[in-house]
Amino acid sequence: MARLKYWQAINQALREEMARDEAVCVLGEDVGAPGGPFGATKGLLDEFGAARVRDTPISEATIVGAALGASMTGLRPVVEVMFLDFMTVAMDQVVNQAAKVGYMSGGHYRAPMVVRTICASGRNTGPQHAQNLEAWLAHVPGLTVVWGSNPADARGLLKSAIRDDGPVVVIESLAEWSRRGEVADDPDALVPIGVAAVRRPGTDVTVVTWGGAVHRVDAAAAALADEVDVEVIDLRTISPWDRATVLESVRRTGRLVVVHDAVAAFGAGAEIAATVAEHCFGDLRAPVARVAAPFAPSPFPPQLEAAYLPQPGTIADAIRASVLQGVR
């Protein structure tokens with residue numbers, strides 16, 4: 001095991017997969033000599049050459065479109081879109097083309113491509129760089145959406161995404177960019193797509209979360225350890241999400257709190273809440289609760305962004321309320 005920073009784990013995954021499979025290539029703005037806008041592709045140009053590590057024009061639609069064409073001819077491109085917000089510029093290529101090419105060609109073509117993109121929520125980057133838009137992407141049939149909250153999962157999910165035969169959007173957290181964690185030495189140590197991780201087993205209440213919110217949920221659960229036994233589930237894959245693990249947990253605890261940094265309205269948390277209400281109604285001992293950002297743009301000032309995003313204290317209050325509501 002090595003202790004790597006989040007970005008170093010991503011860099012390692014790219015290097016290992018490029019060494020393993022010559023079909024893997026990297027495209028994006030400044031991914032070559034600069035090593036990527038945040039360092040994730042550092043050293044890849046020197047090791048694998050300009051034919052496989054390509055700087056592109058500042059045009060997300062062009063980058064993703066080129067990757068789609070390359071994937072349909074047998075390559076496995078990994079595209080870097082600098083911020084999750086900028087996926088909006090490439091949505092036609094992602095939603096109308098990549099996600100549908102297998103279906104519309106009757107399986108004749110496939111799109112084994114990865115779009116890496118960074119969510120800068122929690123870094124005071126404001127309304128156009130800090131949006132949590134995972135629900136937009138998860139809503140599209142044909143797209144897989146994953147989000148690792150720690151270095152090991154960031155590496156393992158990216159490796160699984162590169163080896164997947166369909167288009168996968170890999171979301172990464174800029175707020176966790178320097179977080180260190182243990183990462184397996186085995187180049188074939190993958191994190192399976194569609195499988196959640198139980199970060200903290202518990203019996204009183206289930207808390208489902210993902211991405212940048214995971215560590216704040218962990219902090220809330222730790223603060224409540226003397227009064228509430230909290231089960232924390234890190235979803236890891238947004239679509240297809242691990243329904244079986246969540247439903248089994250809620251059937252045991254009888255309570256569910258969903259926590260995410262995206263706005264609450266029409267979010268992935270609403271899908272989870274609806275599914276639990278549909279399949280676990282008789283098991284619930286309290287209403288399903290959601291803790292999420294308000295329906296407003298993400299603010300620039302640090303103190304306002306801290307109030308905007310779910311914090312450990314707010315999360316703990318929601319967990320405590322769920323348990324108290326269930327006492328009867």
Arg163/Asp188 salt bridge by N-O under 4.0 Å criterion: yes
Does the side chain of Trp210 pick up a donor-acceptor pair with the side chain of Glu134 at under 3.5 Å? yes
Beyond-backbone contact of Ser322 with Ile319, side-chain heavy atoms, under 4.5 angstrom: no
Report the distance from atom CD1 of Ile118 to atom CZ of Arg123, rounding to the nearest 0.5 Å. 10.0 Å
Might you confirm whether atom CZ of Arg15 has over 12 heavy atoms from other residues, nucleotides or ligands at distances under 6.0 Å? yes
Rounded to the nearest 0.5 Å, what's the gap from CD on Glu278 to CG on Leu247? Could you check? 9.5 Å
So does Glu227 have more than 12 non-hydrogen atoms from other groups sitting under 6.0 Å from CD? yes
Does Glu231 form a salt bridge (charged side-chain N to carboxylate O under 4.0 Å, His left out) with Arg252? I'd like the steps, not just the answer. CA-CA 10 Å; Glu231 178 145 297; Arg252 282 189 294 101; 2.5 Å; yes
Taking CH2 in Trp136 as the centre, count heavy atoms belonging to other residues, nucleotides or ligands within less than 6.0 Å. Is the count above 12? no
Side chains of His279 and Arg251: does their closest heavy-atom pair fall under 4.5 Å? yes
Run the salt-bridge test on Asp165 and Arg76 with the 4.0 Å N-O cut-off and return the result as yes or no. yes
Interatomic distance, Ile315 atom CD1 to Arg320 atom CZ [nearest 0.5 angstrom]: 12.5 Å
Do Arg216 and Asp261 meet the salt-bridge criterion of a basic N to acidic O distance under 4.0 Å? yes
Value for OG (Ser160) from CG (Asp153), rounded to nearest 0.5 Å, stands at 10.0 Å
Should Val207 and Ile233 count as side-chain neighbours, where that means a heavy-atom distance under 4.5 Å? no
Expected list for residues 79-87: side-chain donor-acceptor pairs under 3.5 angstrom, two or more places apart:
residue, atom, partner, partner atom, Å
Glu80, OE1, Arg116, NH1, 2.6
Asp85, OD2, His129, N, 3.2
Asp85, OD2, Ala130, N, 3.3
Asp85, OD2, Gln131, N, 3.1
Asp85, OD2, Gln131, NE2, 2.9

Go through the structure and list residues passing side chain to side chain donor-acceptor pair (under 3.5 Å) with Lys159, not counting sequence neighbours. Glu16, Glu17
From Asn132 atom CG to Ile171 atom CD1, the distance as rounded to the nearest 0.5 Å: 8.0 Å
Within the 3.5 Å criterion, strictly below it, is a donor on Ser178 or Trp7 matched to an acceptor on the partner's side chain? no
If you apply the rule side-chain contact (heavy atoms from CB on, under 4.5 Å), what do you find for Thr209 with Val258, and how did you get there? CA-CA 6 Å; Thr209 186; Val258 186; over 6 Å; no
Should the heavy atoms of other residues, nucleotides or ligands under 6.0 Å from NZ of Lys100 be counted, would the total exceed 12? yes
Do other residues, nucleotides or ligands put more than 12 heavy atoms under 6.0 Å from Asp186 CG? yes
SB check Asp283 Arg255 (cutoff 4.0 Å): no
Exceeds 12 heavy-atom contacts within 6.0 angstrom, atom CD of Gln128: no
Please list, chain by chain and in numerical order, all residues satisfying salt bridge (Lys or Arg N to Asp or Glu O under 4.0 Å) with Arg179, sequence neighbours excluded. Glu176
